[in-house]
Amino acid sequence: MADSPISILTRQRSLLQTEYAYEKEEFQRLTETTGIDSKVRRGTAWFPVSLGRSYRNSLDQLVVEVYRGQGARGMEQGARGMGQGAGGMEQGADDEAEPSLFEPGKPVCFFTEDASGLRHGTGGMLHYYKFVAQVSYAEEDRMVIALPGEEALVQLQAGQRTGVQLYFDEQTYRLMFEALDSAISAKTGRLAELRDIFHGSLPAGKFTFDAVRFPWLNTSQQAAVNEVLWAKDVAVVHGPPGTGKTTTLVEAIYETLHRENQVLVCAQSNMAVDWIAEKLVDRGVSVLRIGNPTRVTDKMLSFTYERRFESHPLYTDLWAVRRAIGELYAHRSGNTEGRHQKIARLRERAAEMEFTINQSLFDSAKVIACTLAGSASHLLTGMKFGTLFIDEAAQALEAACWIAIRKAHRVVLAGDHRQLPPTIMSPEALRGGLDRTLMQAIVENKPAAVSLLRVQYRMCDTIMQFPNHEFYGGKLESAPEVKYRGILDWDSAVEWIDSPDGEGGEQSDGLSRVNPAEAVLTLETLKRYFEKIGTERILEERIDVGIISPYKGQIRLLRRLLKKDRFWRPFRNLVTVNTVDGFQGQERDIIVISLVRSNAEGDIGFLRDLRRMNVAITRARMKLILLGDRTTLCRMPFYRRLSEYVDASW
């Protein structure tokens, strides 16, 4: 007997509780035991930092500018110059540092170094301030951080050697628990219906009007857009790599707006929200971006809530009223009762103006765009939407999806459940199936609601066919313009270079797995291929390369080797080295994959997660080179089939 929808969500809640407890315990353990140098290398901390100016933003939050590196404080330009300079030197000194993991919306905490004279980076030397702040804006060496109040700013300004690190995200977990509780406890109404459609036997309804033609889309894309328009309850757009999922989703949103006044568009990450929002703006759609964008460009800023708020004609008057309130609080002498009455009247006036501005902004927007957690923003309190679109739904925890679903009458999910799943920290929660997404559940329970995009425009056919048969049932086809393209004549599009095993093979660097011999072989192999192509052609045609490894240790080693070798200097802007996760959603002309694992036991760790390998393989447009110890890897049938496919393709 199948589990009931309520029991399925109850189990999800239990697994989420396990993940919450594990992540919180890990955070506390790492905070107490990990040296600050390690945190900086991992990208989870900046130390030391310097403070720039502080001010109140358009949301009336107190924010402070923070710069990576120890520099002069106070004046904005001085802080900017010193912060960026110091940050650049520190980063340059550490070739192995991970990219910063600070993103808008993430919670952070501040700390100071003990002045006892002991080396920083040892346990017990850091003192943490007792407040939690939030990243409002982040770039390579500068952040704007929203503080809880004036007292927090005073503490920071009084500190000496100050640092900032990511904090455990209690708020997002609270929102997910609340959303699951709402879905579980719903007895009647739309939320209960959607729950029982997604996870139960309640059928998903459809409208029956004639199909709309979109001549600029291919046949499967047109079918997907029409399925979205016909769906009364739920639709899934399944977009394998290179099939134009974003193009299809934008068209579906655009066409839905001919039938509905406004829609909600969400994704798990800020970056994914920015991407779909930018494409909608290019299509001529009025977008209001709630939350802070990761891709900070002039175009992105122009449709954020904050920028639109500040650009409203009433904002100048509102700012003057807020300033008057601040001055009244600052001057406490005189008639206390009269001052309080003045403040009350001004606050009432400010609230009226804020309401007017907000109403104007939301009335003029056709798309409200935010992260799934951001859909719980107070700005959206009480709002309901005819349709919720969730992009990259296969990377979102189901609990996160329910945060936004509570605001919607019907739901459209887009993504690829054959690519990267949500990141789960707890082994127990992972074994229990917390990484099973709502998109997966609907694909299995309501297959008629799923539209597969079938034509891919990225890979040549030789690269495409293996993942096509392994992950997509052989249903994909290559567009004619990419099917036979390549870089060199008489060249195979896929290669597997067998890396040496035994002595000098796979090792641990304390944080991750590395394979020094394979790292050297990886760069030697790519160098030989570059020499075949020719430097002039590579630079003229801007042939780009992605070097991928599933292990961060190998990534750090490869980056260091690249930087030391003068051969790569002319190509520094054409070669990117990153993890599989870092390449999600990207593509390159040439992809080189260092698989690392090489041991007598045949242990391949999380290389067993084949969805990760699907992502790695499908980043390549014209050339895919794999490096790995076949003896170790081919004990698993998937890698044996991959090896045989590569050999047969020559």
What distance separates [X] [atom1] from [Y] [atom2], expressed to the nearest 0.5 Å?
X	Y	atom1	atom2	value
Thr112	Gln155	OG1	CD	10.0 Å
Ser185	Leu191	OG	CG	8.0 Å
Ile555	Thr579	CD1	OG1	6.5 Å
Arg56	Arg322	CZ	CZ	9.0 Å
Arg289	Thr371	CZ	OG1	7.0 Å
Met176	Cys401	CE	SG	10.5 Å

Could [X] and [Y] be called an ion pair, given the rule that one side-chain N must be under 4.0 Å from one carboxylate O?
X	Y	answer
Arg431	Glu428	no
Lys24	Glu170	yes
Arg174	Asp169	no
Asp609	Arg611	yes
Arg406	Glu178	no
Lys245	Glu392	yes
Glu398	Arg436	no

Please name the pair of heavy atoms, one in [X] and one in [Y], separated by the smallest distance, quoted to 0.1 Å.
X	Y	value
Leu147	Ala152	CB-CB, 4.3 Å
Gln268	Ala396	OE1-CB, 3.5 Å
Leu15	Ala429	O-CB, 3.8 Å
Arg13	Leu180	CA-CD1, 3.7 Å
Tyr551	Ser512	CB-OG, 3.6 Å
Pro107	Phe168	CG-O, 4.0 Å

Exercise for the section: Under the side chain to side chain donor-acceptor pair (under 3.5 Å) rule, what do Thr387 and Arg410 come out as? Steps first, then yes or no, please. Expected result: CA-CA 5 Å; Thr387 305; Arg410 69 178 194 133; 2.7 Å; yes
Test item: [X] side-chain N/O and [Y] main-chain N/O as donor-acceptor pair under 3.5 Å:
X	Y	answer
Thr44	Lys39	yes
Glu23	Ser426	no
Thr18	Ser14	yes
Arg559	Val577	yes
Asn614	Arg418	yes
Asn270	Pro104	yes
Thr381	His378	yes
Gln157	Val154	no
Arg195	Ala183	yes
Arg308	Ser302	yes

Min side-chain heavy-atom separation [X]-[Y] under 4.5 Å:
X	Y	answer
Gln12	Leu434	yes
His417	His238	yes
Leu379	Ile368	no
Val234	Leu194	no
Phe303	Arg307	no
Asp391	Val265	no
Glu354	Ile357	no
Val64	Val144	no

Exercise for the section: Using a cut-off of 6.0 Å, state whether more than 12 heavy atoms not belonging to Glu348 lie near its atom CD. Expected result: no
Practice task
Could you point out which residue of Val285, Leu280, Val367 forms a side-chain contact (heavy atoms from CB on, under 4.5 Å) with Val263?
Solution key: Val367
Handout entry: Passing candidate, side-chain contact (heavy atoms from CB on, under 4.5 Å) with His199, options Asp3, Leu438, Ile6
Key = Leu438
Exercise for the section: Just do the side-chain contact (heavy atoms from CB on, under 4.5 Å) check on Gln554 and Arg513 with the steps written out, would you? Expected result: CA-CA 7 Å; Gln554 191 78 342; Arg513 309 303 299 176; over 6 Å; no
Ring-plane angle category for [X] and [Y], please: parallel below 30°, perpendicular beyond 60°, tilted otherwise.
X	Y	answer
Phe198	Trp402	tilted
Tyr20	Phe177	perpendicular
Tyr128	Phe111	tilted
Tyr305	Phe362	tilted

Practice task
Take His409 and Lys384 through the side-chain contact (heavy atoms from CB on, under 4.5 Å) test and state the conclusion after the steps.
Solution key: CA-CA 8 Å; His409 182 78; Lys384 296 289 183 181; over 6 Å; no
Problem - Within the 6.0 Å centroid threshold, strictly below: Tyr167 and Phe131 - result: no
Exercise for the section: With side-chain contact (heavy atoms from CB on, under 4.5 Å) as the test, would you mind laying out the steps for Gln165 and Cys109 before giving the verdict? Expected result: CA-CA 6 Å; Gln165 74 173 55; Cys109 58; 3.5 Å; yes
Practice task
Please test Leu166 against Phe102 for side-chain contact (heavy atoms from CB on, under 4.5 Å), starting from the C-alpha separation and ending with a verdict.
Solution key: CA-CA 7 Å; Leu166 291 175; Phe102 292 95; 3.5 Å; yes
Handout entry: Donor-acceptor pair between Gln134 and Gln61 side chains, under 3.5 angstrom
Key = no
